[in-house]
Q: 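Could you have a look at this structure, given as structure tokens, before my questions?
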Amino acid sequence: MRQTASPTTATALPLSELYRRVERHIPPFEWPILADDIAAILELKNERNAVILAHNYQTPEIFHTVADIVGDSLALAREAARTDADIIMLAGVHFMAETAKLLNPGKTVLIPDLKAGCSLAASITAADIRLLRERYPSMPIVTYVNTSAAVKAESDICCTSSNAKKIVEALGAPRVIMLPDEYLARNTAAQTKVEIIAWKGHCEVHERFTAGDIRSLRESHPGITVLAHPECPPEVIAECDFSGATAAMADFVDKKRPPRVALLIECAMSDNVALQYPELEFVRPCNLCPHMKRITLPKIRRTLETMTHEVTVDPEIAERARHTVERMMAMG
Ligand code: SF4
């Protein structure tokens, strides 16, 4: 799966070439409507020296046409730290834009819709972390990147779904607090000797998958290979064939080429991977993330035109939050 691209790739391609990337997903009669916004966005990016970072859960018309850098939270954080563009547009949710701002304090970071939140990020506050510190004074706090900058600032280190086990073990402590995703914490605890104390946050997309869904899929689609994201409940992980973060799932499909496959993940991720492997049958029992779906081509265009929805972080909070993200990047 395409994980990163040069900042000029999409801009340098003619629209007809971009359509080829998505023609199996977007019917010809819809393309002219999208193409107008796409052409304007590509031009605006050049004019403003802007780069668009798109999460794997963005729809194919964003992911495969206007995005310069695509990937999961960790890949976007890493690439955000490397870009030399003046403006970073985050086609994703608010905590991702904050993370980009933490790593690029001197750049302008924009988001097309300030209401693009996340149920995990909303499940915990900085005050909650301070209370946990009082209750468990000597225990390290590992915080999933799906949190606000204020929560990161109160934590010891960040993690993503792809490096959670590595980070937890690298701390060398017998017990750690891992938050806010209860299921990621429990799924990580199942792979390590480190004792993990979890919070009760859940991803509203992944918590809806059940072990029964997998059994039904196996009955209705014999021979299917089922991949599940570690934000799914542990009983789902126990019944799937492979569990990993979005990049690991895409890698699994690329290497193993399962002829019939289902990705228990946000719908757009499945669509984006399917476009790259037309020879494979993708069964899509997916769930939509309402926050990711707030980001659309017209909103991206308007944001670049008006330079509105700039994401800022209080400098004192930003300094401490940046430390937790950079500590993770140094370790994992
Ligand atoms: S898919 Fe889940 S974790 Fe990702 S932004 Fe949506 S609610 Fe948050």
Side-chain angles (χ1 to χ4, degrees), residues 53-60 62-63 67 70-77 80 89-101 109 111-125 142-152 158-164 178-188 198-210 213 227-234 236-237 243-250 262-273 284-296 299 309 311 325 328:
L53 274 55
H55 189 263
N56 288 332
Y57 299 170
Q58 290 301 303
T59 50
I62 294 173
F63 188 92
V70 294
D72 59 15
S73 302
L74 181 60
L76 294 186
M89 152 84 72
L90 216 302
V93 296
H94 193 266
F95 76 81
M96 295 175 181
E98 275 194 337
T99 307
K101 182 67 183 174
V109 175
I111 190 165
D113 189 327
L114 279 170
K115 289 188 188 146
C118 168
S119 64
L120 278 171
S123 73
I124 192 157
T125 66
V142 179
T143 293
Y144 196 24
V145 286
N146 297 36
T147 46
S148 67
V151 164
K152 289 184 178 79
C158 280
C159 74
T160 68
S161 49
S162 48
N163 64 16
M178 188 173 173
L179 48 86
D181 189 344
E182 180 193 2
Y183 297 146
L184 178 65
R186 285 171 55 192
N187 290 328
T188 306
W199 188 252
K200 282 280 181 193
H202 297 141
C203 162
E204 67 188 86
V205 173
H206 293 100
E207 71 174 347
R208 280 185 278 154
F209 291 113
T210 67
D213 291 340
L227 280 56
H229 192 277
E231 288 169 9
C232 293
V236 171
I237 303 303
S243 172
T246 55
M249 281 177 150
L263 274 53
L264 302 193
I265 198 157
E266 212 277 345
C267 308
M269 164 89 188
S270 207
D271 293 339
N272 288 327
V273 180
R284 293 184 174 87
C286 61
N287 292 326
L288 275 173
C289 172
H291 312 289
M292 289 281 182
K293 294 301 159 288
R294 282 184 173 277
I295 310 301
T296 61
K299 285 186 188 171
H309 307 319
V311 175
V325 177
M328 166 190 77

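Note that ligands are numbered from 1 as they come in the structure, with each ligand's atoms numbered from 1 the same way. What you are looking at is a predicted structure, and each value in this text was computed from that prediction instead of being measured.
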Q: Using a strict cut-off of less than 4.0 Å between a Lys/Arg side-chain nitrogen and an Asp/Glu carboxylate oxygen, indicate whether E204 and R208 qualify as a salt bridge.
A: no
Q: What part of E266 sits under 4.0 Å from ligand 1 if we count only heavy atoms: the side chain, the backbone, both or neither?
A: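 Neither; no heavy atom under 4.0 Å.
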Q: Just which atoms of ligand 1 are under 4.0 Å from any heavy atom in S119?
A: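 Under 4.0 Å from S119, ligand 1 has these atoms: 7 (S).
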Q: With under 30° as parallel and over 60° as perpendicular, where do the rings of H206 and F209 fit, or are they tilted in between?
A: tilted
Q: Pick out which of T160, D72, N163 makes a side-chain contact (heavy atoms from CB on, under 4.5 Å) with V145.
A: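 Going through T160, D72, N163 one by one, the side-chain contact (heavy atoms from CB on, under 4.5 Å) with V145 is satisfied by T160 alone.
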Q: Is there a donor-acceptor contact under 3.5 Å from the side chain of W199 to the main chain of A185?
A: no
Q: Would you mind listing which atoms of ligand 1 come within a distance below 4.0 Å of any non-hydrogen atom of E231?
A: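 Matching atoms, with element in brackets: 3 (S).
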Q: For atom 2 (Fe) of ligand 1, does an N/O/S atom of C203 lie at less than 2.8 Å?
A: yes
Q: Going by the order shown, which atoms of ligand 1 are within less than 4.0 Å of some heavy atom of C289?
A: 1 (S), 5 (S), 6 (Fe)
Q: Using a 4.5 Å cut-off on heavy atoms from C-beta on, say whether the side chain of H229 contacts that of S243.
A: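 No - every pair of side-chain heavy atoms lies 4.5 Å or more apart.
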Q: Out of V145, T246, N146, V93, whose heavy atom sits nearest atom 3 (S) of ligand 1?
A: N146
Q: Counting from 1, what ligand 1 atoms have a heavy atom of C118 closer than 4.0 Å?
A: 3 (S), 5 (S), 8 (Fe)
Q: Using 30° and 60° as the class limits, which term best fits the ring planes of Y183 and H202: parallel, tilted or perpendicular?
A: parallel
Q: Can you list the atoms of ligand 1 that are under 4.0 Å from a heavy atom of Y57?
A: 1 (S), 4 (Fe)
